[in-house]
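Per chain, numbering begins at 1; letters A, B, ... match sequence-line order.
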2 protein chains.
Amino acid sequence: MARAATTTDAFNAVAEPRRRQILDVLAGGERPVNDLAHELGLAQPQVSKHLRVLREVGAVDVREEGRQRMYRLNGEALKPIHDWVKNYERTWSERFEALDVVLEELKQEEDGDDSGE
Amino acid sequence: MARAATTTDAFNAVAEPRRRQILDVLAGGERPVNDLAHELGLAQPQVSKHLRVLREVGAVDVREEGRQRMYRLNGEALKPIHDWVKNYERTWSERFEALDVVLEELKQEEDGDDSGE
DNA sequence: AAATCATATGCCGATATAAGAATATGTCAA
DNA sequence: TTGACATATTCTTATATCGGCATATGATTT
């Protein structure tokens, strides 16, 4: 078996840095393909290909306007990534470490409590 | 050019679902390789290989204990992912949408205000 | 030392990639 | 209709992957 296709899910689509850059630009508003190509210093065909991947995972939507195609961010497609990674925030955030201490204390009290379960 | 190596960064390492599962288990505490293999229903060699990738991007640390190797989560390696994706939270979170409204209002006032800043 | 347990590594095969260049498709303008 | 513009697709080449299986490495027990 080979590596999962880039179009499998948002995790795979976004593993490519150029695609993250494209999304970052689109976060500032709708853009046509050539705009993106110039802004990121990429060749037009590569941008079109990256956009195809992003479209297949639902991270962008397209709208036809004359001969241009306006691409727009659809951030919801990234929610699964956020949902997954936010559970690890506690491992580096002092704020969450402090919360962990409180939870640990509560657990201690519970353990010393013989009220059964 | 081919796809970037899975060991290039956390984004690539974590695009593989099994590796996310491994991290999820390790979030519950240190584990030896066979434990992970059983818990996830994977063959031991594949687990070792996935752990190698995770180790190379710094997402796990190892500690030798007799003939076992205890693997431990190092969540900080996932911070870049969190930092990137959190900027998109506003696109699906009502809470942030509300914040956007407030910011928009502030901007309106500012624009219509000639008292400088 | 030999047997056993725990883990890592090597090899195989099928597959998807990403960039580049060329070209196809499609739209608007003269 | 012809030409210019905007975008998508196709083909090529080099490469890394993932699972399965066999095996190497290393530590512990008997």
Exercise. Expressed in angstrom and rounded to an integer, what is the separation of A/His50 atom NE2 from C/dT17 atom P?
Worked result: 12 Å

For this session: Determine whether the side chains of A/His50 and A/Arg19 contain a donor N or O and an acceptor N or O closer than 3.5 Å.
Result: yes

Exercise. Would a 4.5 Å heavy-atom cut-off, applied to side chains only, mark A/Val14 and A/Leu23 as touching?
Worked result: yes

For this session: Check the distance between D/dA27's C1' and B/Met70's CE and give it to me in whole angstrom.
Result: 16 Å

For this session: Look at all strands and tell whether B/Glu16 reaches a base, only sugar-phosphate, or nothing, counting heavy atoms closer than 4.0 Å.
Result: sugar-phosphate

Exercise. Does A/Asn34 have a side-chain nitrogen or oxygen under 4.0 Å from the phosphate oxygens OP1 or OP2 of D/dT7?
Worked result: yes

Exercise. Starting at CD of B/Gln68 and ending at C1' of D/dA27, how long is that distance when rounded to a whole Å?
Worked result: 11 Å

For this session: Mind checking A/Arg55 for me? I need base, sugar-phosphate or nothing, with any heavy atom below 4.0 Å counting as a touch.
Result: nothing

Exercise. Over how many whole Å does the gap from B/Gln46 atom CD to D/dT23 atom P extend?
Worked result: 16 Å

Exercise. Where the side chain of B/Lys49 is concerned, which of C/dG10, C/dA18, D/dT9 is the nearest nucleotide?
Worked result: C/dG10

Seminar exercise, completed: By nearest-nucleotide position on DNA chain C, the 5'-leaning member of A/Pro45 and A/Glu64 is A/Pro45

Problem set entry | A/Tyr88 and B/Asp24 side chains, donor-acceptor separation under 3.5 Å | yes

Exercise. Can you tell me how far the CG atom of B/Asn12 sits from the CZ atom of A/Arg3, to the nearest 0.5 Å?
Worked result: 5.5 Å

For this session: Ignoring the backbone of B/Ala2, work out which of C/dA6, D/dA14, D/dG19 is nearest its side chain.
Result: D/dA14

For this session: Establish, from distance only, whether the side-chain atoms of B/Arg69 and B/Asn34 form a donor-acceptor pair under 3.5 Å.
Result: no

Problem set entry | Length of the line joining B/Arg3:CZ and C/dA19:C1', which is rounded to integer Å | 15 Å

Exercise. Does B/Gln44 get its side chain close enough to the base of C/dA8, under 3.5 Å, for a donor-acceptor pair?
Worked result: yes

For this session: Take the protein atom CG of B/Asp35 and the nucleotide atom P of C/dC5, then report the distance between them rounded to whole Å.
Result: 16 Å

Exercise. Does A/Ser48 put a side-chain nitrogen or oxygen below 4.0 Å from OP1 or OP2 of D/dT7?
Worked result: no

Exercise. Rounded to the Å, how far apart are A/Glu65 CD and D/dT7 C1'?
Worked result: 15 Å

For this session: Among D/dA16, D/dA8, C/dA19, find the nucleotide with the atom closest to the side chain of A/Arg69.
Result: D/dA8

Exercise. So does A/Arg67 get a side-chain nitrogen or oxygen closer than 4.0 Å to the phosphate oxygens (OP1/OP2) of D/dT7?
Worked result: no

For this session: Determine: side-chain N/O of A/Tyr71 to OP1/OP2 of D/dA8, distance under 4.0 Å, yes or no.
Result: yes

Seminar exercise, completed: Side-chain contact check for A/Val33: nearest option of C/dA18, D/dA8, D/dG19 is D/dA8

Exercise. Within this structure, what is the CD-to-P distance between A/Gln21 and C/dA19, rounded to whole angstrom?
Worked result: 11 Å

